[in-house]
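Remember, it's a predicted structure, so these values are computed and weren't measured experimentally. In what follows, chains are A, B, ... by sequence order, proteins preceding strands, each numbered from 1.
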2 protein chains.
Amino acid sequence: MNEIQKTKVDPRVLRTRQLLKNALIELLEEMEPDKITVNRIAERATINRVTFYLHYRDIQDMMEKMAEEMVLEIEKAMTKTVEEKKTGGDDVILLGLLEHIAANAKFYKVIIGSRGVPIFHERLRDIFVKKINDGVTKHILAEKGIQQDVAVWFGSAAMLGTIASWVRNDMPYSPQFLARQFALLFRREDLYETD
Amino acid sequence: MNEIQKTKVDPRVLRTRQLLKNALIELLEEMEPDKITVNRIAERATINRVTFYLHYRDIQDMMEKMAEEMVLEIEKAMTKTVEEKKTGGDDVILLGLLEHIAANAKFYKVIIGSRGVPIFHERLRDIFVKKINDGVTKHILAEKGIQQDVAVWFGSAAMLGTIASWVRNDMPYSPQFLARQFALLFRREDLYETD
DNA sequence: GACTTTTTTTACAACGTGTCGGATAATCAA
DNA sequence: TTGATTATCCGACACGTTGTAAAAAAAGTC
């Protein structure tokens, strides 16, 4: 989960922000979110408390920015896999996502695993809603008497929640295997394009 | 979401706790959870701040106790409907749940709707996991090559998330209609007993 | 009405927050 | 390398929150 930079940025701010983010992740592993203070974050990051405020308005602002970065990373991971394996299709996109999550297991276990931080959940849900909204086959829905928005709620929640449980349980299945499970679970519905 | 009492309890504590709970719900409607303080809760409840600590250790403790009460209410609502309509089956249990949520819309919109409070999400998820674990048809899962735990993750997350979205969007469908949608979405899988 | 329990009042120390101004150190540009 | 720029650190401040204490006042119980 590294900083994305095109324009040259003072390496000091990169270092500071990275230290702060690492500190926050560490603290989220160790204690409930409401016990985390700017004091503790700064202390853990070996950064002066005042410096925190030079980068973030408060802890929530920091989390929002981190969630935004996460979204960018995920979208990159999903398109990247499509380019590598030219097959295309949602199965590949899903696999890219799962592999990305597995590669950043520590981060994702903390922010959607254990208790989770709502803001990250929301952003992830947004991603799934968008993806599924595109991939839903409307005529079959209508035929079966299923409302599109309900189907999207259902599918995105199932996806997010299953991945969260997978992460929470320390990923007992490989990304490949889980992607296959999704295909089996979703394809049975004929409502979502999974391959 | 009223207090459940068998042994007689001083009406003052009932009144105080009800005022505190109402105040918390109100504040959750108005501001982000991290802006809510014991000060504000007590002020809104027209209760002295010190009195808060006579009932709860802190805000998180208060939320945990409220979540526990919610679980009891939900289980009551689910069994109650089964008794009324003698048909039995998970469809009726689900309908009882949805009607209960609709009847307490204000409460549920706040705690699982808007941004939501993790502790309530967890408890609800526990309920669904338990229900679905009982109702899952294992032989069909094995036949289809689907892991049982994955199916349970999937089903419970879909259920919880769909209901959350339904509440978030001010319940655009009746409980009956949504229960039917669930039946359509789940029955297509032949994995879950929905009727 | 006497007794018990709850709530209130006032007070306290410890901590967290957000923001100063000025000193120090690191980076950049020439 | 030097000088200018920018980031970080340091000490300090006012203010709000937390959790607890002891004693008085109020409400409920029998």
So what is the end-to-end bend of the helix from C:dG1-D:dC30 to C:dA30-D:dT1, with 5 pairs used at each end and the value given to 10 degrees? 40°
Can you list, by residue number, the residues of residues 31-43 of chain A that have a non-hydrogen atom closer than 4.0 angstrom to DNA chain D?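 Output list: empty, so none.
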Taking the side chain as everything from C-beta on, heavy atoms only, tell me whether A:Val150 gets closer than 4.5 Å to B:Leu185.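 The answer is yes, as the side chains (C-beta and beyond) meet within the 4.5 Å cut-off.
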Taking the six-membered ring for Trp, is the centroid-to-centroid distance between B:Phe186 and B:Phe154 below 6.0 Å? no
With sequence neighbours excluded, what pairs up with A:Ala45 under the side-chain contact (heavy atoms from CB on, under 4.5 Å) test? A:Leu19, A:Leu20, A:Ala23, A:Ile47
Who are the side-chain hydrogen bond (donor to acceptor under 3.5 Å, both in side chains) partners of A:Arg44, not counting sequence neighbours?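 Here the qualifying residues are A:Glu26, A:Glu30.
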Return the set of residues passing side-chain hydrogen bond (donor to acceptor under 3.5 Å, both in side chains) with A:Asp34 (not counting sequence neighbours), or none when no residue passes.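 Scan of A:Asp34 (side-chain hydrogen bond (donor to acceptor under 3.5 Å, both in side chains), adjacent residues dropped) gives none.
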Can A:Lys109 and A:Glu29 be said to form a salt bridge (Lys or Arg N to Asp or Glu O under 4.0 Å), step by step? CA-CA 9 Å; A:Lys109 187 169 170 59; A:Glu29 287 180 310; over 6 Å; no
Those residues that, when tested against [X], pass salt bridge (Lys or Arg N to Asp or Glu O under 4.0 Å) (two or more places apart):
X: A:Arg57; result: A:Asp61
X: B:Lys35; result: none
X: B:Arg49; result: none
X: B:Glu75; result: B:Lys130

For A:Tyr53, what residues pass the ring-ring contact (aromatic ring centres under 6.0 Å, His included) criterion, not counting sequence neighbours? none
Boundaries of the DNA chain C segment in contact with chain B, non-hydrogen, under 4.0 Å: C:dT5 to C:dA11
N/O-N/O pairs, protein side and nucleotides 7-11 of chain D side, under 3.5 Å:
residue : atom : partner : partner atom : Å
D:dA7   : O4'  : A:Arg12 : NH1          : 3.4
D:dA7   : O4'  : A:Arg12 : NH2          : 3.3
D:dT8   : OP1  : A:Arg12 : O            : 2.9
D:dT8   : OP1  : A:Thr16 : OG1          : 2.3
D:dT8   : OP2  : A:His55 : NE2          : 2.8
D:dC9   : OP2  : A:Asn48 : N            : 3.0
D:dC9   : OP2  : A:Thr51 : OG1          : 2.7

Do A:Asn48 side-chain atoms and A:Val50 backbone N/O form a donor-acceptor pair below 3.5 Å? yes
